[in-house]
**Student:** 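Structure provided below as structure tokens; questions to follow.
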Amino acid sequence: MAKPLSDQEKRRQISVRGIAGLGDVAEIKTNFNRHLHFTLVKDRNVATPRDYFFALAHTVRDHLVGRWIRTQQYYYEKDPKRIHYLSLEFYMGRTLQNTMINLGLQNACDEAIYQLGLDLEELEEIEEDAGLGNGGLGRLAACFLDSMATLGLAAYGYGIRYEFGIFNQKITNGWQVEEADDWLRYGNPWEKARPEYMLPVHFYGRVEHTPEGAKWVGTQVVLAMPYDTPVPGYKNNTVNTMRLWSAKAPNDFNLSDFNVGDYIQSVLDRNLAENISRVLYPNDNFFEGKELRLKQEYFVVAATLQDIIRRFKSSKFGCRDPVRTSFEAFPDKVAIQLNDTHPALAIPELMRILVDIEKLDWDKAWEITTKTCAYTNHTVLPEALERWPVSMFEMLLPRHLQIIYEINHHHLERIKELFPGDMDRLRRMSLIEEGDPKRINMAHLCVVGSHAVNGVAQIHSDIVKSTVFKDFCDIEPAKFQNKTNGITPRRWLLLCNPGLADLIAEKIGEDFMTDMFQLRKLLDYLGDDAFIRDVANVKQENKQKFASYLEKEYHVKINSESIFDIQVKRIHEYKRQILNCLHIITFYNRIKRDPNQFFVPRTIMIGGKAAPGYHMAKLIIKLITAVGQVVNNDPVVGDRLKVIFLENYRVSLAEKVIPAADLSEQISTAGTEASGTGNMKFMLNGALTIGTMDGANVEMAEEAGEDNLFIFGMRVEDVEAMDKKGYNAKEYYDRLPELRQVMDQISNGFFSPKDPDMFKDMVNMLMNHDRFKVFADYEAYIACQDKVNELYRNPKEWTKMVIKNIAASGKFSSDRTISEYAREIWGVEPTDVKIPSPNEPRYSADE
Ligand SMILES: *Cc1c(COP(=O)(O)O)cnc(C)c1O
């Protein structure tokens, strides 16, 4: 028998990721050594693995530079419409491997690093995640950047360069503990600071009304320093820019004429200004009305709009002549996409620039603003909707408050004309909510100030139209669209699951990487036993690899023959990790009741971060770890059931765990998960879904056929009916003995013997005020899990269903999503034009 291949040798066999010539390998080795010497200032005697990572990162980065400059020059010359994706979050993860893949350099680098006696995968592990996001919303922005570059759009991502990204999660005694994410400590090889493009952002002050119009005066200034990160498209030589702003205090900060005496204190106080970009707010789907957060939101918007307008004025349509600029053409040359309401201030800020600075009349400015801006809604959960106190605006952004009032005045006048005397409608539709405190409804501002409003999955877009924006939809139905979310197949298949990507490419070629609908062709191989076996083998290898990772990093042993049942996502009541726990405990009780019966073995893994201030989410983590303590140490259970909490779930961990999954848990209460994108990653990587008819699960079931997912539980209609009738948890507790046993165990300290009251808040919530109706879906969920076990006992049928799912996942490419945004919102056409390769530098010593 042949010796099994090492990981490195396996990777060398893989073809999809582009094989560059041997000349490239030699050049990469040379440049690696050059960077180790000149950039890292080390030799091989003293270099650490981290030095090698940086030497490789710089070597790969060099391949981006020419393409980046060329792309931007090409945009300047061709002057296409620019797309600006404004987001408070870009959850990028690691960059090295993604860059190698998109540039077709992966195999050449692997070979070069191997020849240098090093291991590529080991070096890749050294890179810090760029964790500038909380979860789905931030990761969506990152996938969109990849797709916009791959589709050749002249696109820019605009956000904040947080000095600290999403916290690192540690588990101590089963509880979550947060640690600061000092991701820039060793430097970031992918960013380029651009101090020469620094821009001022104003706060506080007051408004003076002069004959020439309103003037915002007496402000405090903070500078916005741009850091640019290249965003390469997939093998098309396009390199777009993600521009993240960092706050800098001006050199005269706090040094006005009257307090020159306190020079030292004023230098120390520079921190106050620079705190704006210090840290990402760690809330997912939750609004926390902190002033610093509002400052962040205005900071990114104000800097970005200045940048956009500067670029417009220097473009062909801006005539490259500031005096002759006509803003008429602005919406034809500029699109601004708002990733949720977080950058909503773009609307009043653009109005302020056009009216107060460029001196356009209000109506013209409003037409330009609404034609330029479009808004994506990400949730209907009321606790997530941004509603800022008017008083905070009055202090921080007095001119914007006036503009919002003016927008509201025009808006309400129009509603009055359409619905005379309907005072309640005016109240419902107002941008200002009366009450104590008086608040600004940012979602209403976005709807009114945008030409398009979209939800992120069909069911969510329908709910948005019939609930939160019903009144708005009544008057402008055409404004409301759907753009079902997607994921980039480069990171979420080729990068994280090369074995599967290669196997697919052997059958249907490589074009599915840019046209995921081609995966349909896999249906032709449902009768091909060898292919079915190969798909199953790739999954088994991925499971073994992940099991080894867990053993090496966390010293836990798992049974890689068991069902890998995985729920990874932010911890939230609406995502119902508690329902998963109830199943775990039910399964445990069944084993204990009848220890000699056969049970299909399972390893249930749950991972995700809880917002630091979210008590119930933190208690859910404690419940999972406490249940794990009991279950994993019970000899009667053996390796038939294991419960693992996956610490510090983040993009780089997602890339490891998702390819190893058999079963994907997508079990939110119907109507609460807007889309989900984790669900799509699992589908593409050959896991089967157990899920509710919520978010994009609905469309996954539509694409694959409902029989090819494990769908259970209430539909949106059932939830609505139950809301009318009233949900009574006690009813289920009384009727279902297994549920009753589980709840009794949780409440009587079976999982927390030292503190029997540990979970009392949770038990009380579940029994008395559960907004997400966990018990109502318990019975159907357990029954559905039984069906999962049944199918898993037939590996061939299981794998055939897996193949049907992969074949049906084409719709969930973010390339498809972005093509729809491009055509239906931005008015631009995606291209597969390849910018020529920059093989020859276009300068010489004589220039
Ligand atoms: C994709 C992704 C998410 C979103 O997962 P959902 O299940 O859709 O909530 C969150 N976090 C990370 C790290 C991801 O990669």
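Read the numbers this way: they start at 1 and go in the same order the structure lists the ligands and their atoms.
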**Student:** With side-chain contact (heavy atoms from CB on, under 4.5 Å) as the criterion, how do Glu706 and Met693 come out once you've worked through the C-alpha distance, each side chain's angles and the decisive distance to 0.1 Å?
**Tutor:** CA-CA 10 Å; Glu706 205 172 316; Met693 276 297 205; 3.4 Å; yes
**Student:** Tell me the residues surrounding ligand 1, counting only those with a heavy atom closer than 4.0 angstrom, sorted by chain and number.
**Tutor:**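 Protein residues near ligand 1 are Tyr91, Gly135, Gly136, Trp492, Val568, Lys569, Lys575, Tyr649, Arg650, Val651, Ala654, Gly676, Thr677, Gly678, Lys681.
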**Student:** Taking all non-hydrogen atoms of both residues into account, name the closest pair between Ala142 and Met92 and its distance.
**Tutor:** CB-SD, 3.6 Å
**Student:** Would you call Glu297-Arg293 a salt bridge at under 4.0 Å N-O?
**Tutor:** yes
**Student:** Parallel under 30°, tilted from 30 to 60°, perpendicular over 60°: which one fits the rings of His572 and Tyr614?
**Tutor:**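 Taking Tyr614 first and then His572, their aromatic rings stand perpendicular (interplane angle over 60°).
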**Student:** May I ask you to test the Phe512-Leu493 pair for a side-chain heavy-atom distance under 4.5 Å?
**Tutor:**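 SC-SC contact between Phe512 and Leu493 confirmed.
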**Student:** Whether Glu125 and Arg94 form a salt bridge (side-chain N of Lys/Arg under 4.0 Å from carboxylate O of Asp/Glu) is what I want to check.
**Tutor:** yes
